[in-house]
Amino acid sequence: MAETPQAAHRPRPLSPFLTVYRWTPTMATSITHRVTGIGLAGGMAAIACWLMAAASGPEMFNGFTGLASSVLGQIILFGFAWALAFHLLNGIRHLFWDVGYGFPPKVANQWSVAIVTLSLLIPAALFALAYAGFGGFYQ
């Protein structure tokens with residue numbers, strides 16, 4: 001069977017990309033879940049550096065502690081705590097999805113908003129407690 005001239009010059013269809021879809025909270029939390037997983041891997045590398053500094057002696061440990069207590073260090077620590085809280089809460093939601101709960105779009109979107117809100121409140125509360133002197137920090 002011979003191709004018609006029109007079919008020979010028709011461009012191939014492209015797969016839809018992120019700009020085609022209407023963003024929903026569930027879509028945003030799905031992407032953020034992947035990003036926080038990568039961020040947690042980086043955070044675990046920082047924890048390994050902290051442990052190596054602690055094992056290397058007081059000079060290395062004090063240097064690392066000085067870096068961690070700087071403004072940039074506090075922002076990184078807050079980001080790590082947020083990524084941990086978000087990934088944990090969203091992982092729990094995925095467990096609920098695995099057993100069949102929470103699939104209707106309205107419910108899924110509500111849970112997405114709740115997860116983002118809680119994931120910001122949890123590290124904020126932990127940092128507030130630490131700055132207030134609970135747990136032996138900043139006394």
Side-chain angles (χ1 to χ4, degrees):
M1 176 183 252
E3 287 188 24
T4 62
Q6 288 176 332
H9 299 291
R10 192 177 318 156
R12 294 183 61 194
L14 300 176
S15 297
F17 190 62
L18 295 176
T19 57
V20 175
Y21 295 108
R22 185 179 63 86
W23 280 76
T24 63
T26 307
M27 180 181 182
T29 53
S30 176
I31 293 167
T32 306
H33 188 78
R34 290 165 174 80
V35 172
T36 56
I38 294 168
L40 289 174
M44 294 311 293
I47 288 175
C49 289
W50 172 63
L51 291 172
M52 288 189 296
S56 297
E59 291 175 11
M60 291 290 290
F61 183 72
N62 290 338
F64 189 89
T65 303
L67 180 64
S69 56
S70 70
V71 174
L72 179 62
Q74 292 294 294
I75 291 170
I76 291 170
L77 283 172
F78 187 86
F80 181 70
W82 170 76
L84 186 61
F86 181 89
H87 208 77
L88 173 70
L89 293 171
N90 206 41
I92 291 170
R93 178 179 56 175
H94 277 275
L95 289 174
F96 278 94
W97 281 358
D98 288 343
V99 294
Y101 295 111
F103 277 119
K106 183 178 179 181
V107 174
N109 288 337
Q110 288 171 341
W111 274 109
S112 293
V113 171
I115 286 168
V116 170
T117 303
L118 285 172
S119 72
L120 288 169
L121 289 175
I122 290 170
L126 291 174
F127 269 63
L129 287 172
Y131 283 125
F134 294 100
F137 300 104
Y138 299 110
Q139 289 185 357

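Start at 1 with the first residue, then count along the sequence.
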Interatomic spacing from CG in N62 to CG in L67 - rounded to 0.5 Å: 12.5 Å
Heavy-atom check, side chain of H94 versus side chain of N90, under 4.5 Å: yes
Pairwise distance CG(L77) to CZ(F127) - rounded to 0.5 angstrom: 5.0 Å
Gap separating the CH2 atom of W50 from the CE atom of M44, nearest 0.5 angstrom: 10.5 Å
Distance (rounded to the nearest 0.5 Å) between F78 CZ and L126 CG: 9.0 Å
Distance-minimising heavy-atom pair for P123 and A81: CB-CB, 3.7 Å
Listed partners of L88 passing side-chain contact (heavy atoms from CB on, under 4.5 Å), at least two apart: I92
W111 CH2: over 12 foreign heavy atoms closer than 6.0 Å: no
Close side-chain approach of V71 and Q74, heavy atoms under 4.5 Å: no
Shared hydrophobic cluster for F64 and I47 (ILVMFWY, side-chain gaps under 4.5 Å): yes
Contact check, side chains of F86 and I122, non-hydrogen atoms, under 4.5 Å: no
Side chain to side chain contact (heavy atoms under 4.5 Å, CB included) partner of T117, chosen from I115, L120, L121: L121
Cluster overlap W97 with V107, hydrophobic side-chain contacts below 4.5 Å: no
Atom pair NE2/CD1 of H87 and I38 - distance to nearest 0.5 Å: 10.0 Å
Reported CZ-to-OG distance for the pair R93 and S30, which is rounded to 0.5 angstrom: 8.0 Å
Shortest non-hydrogen separation from S112 to T26 and the atoms involved: OG-CA, 3.3 Å
F80 vs L40 side-chain heavy atoms within contact, under 4.5 Å: yes
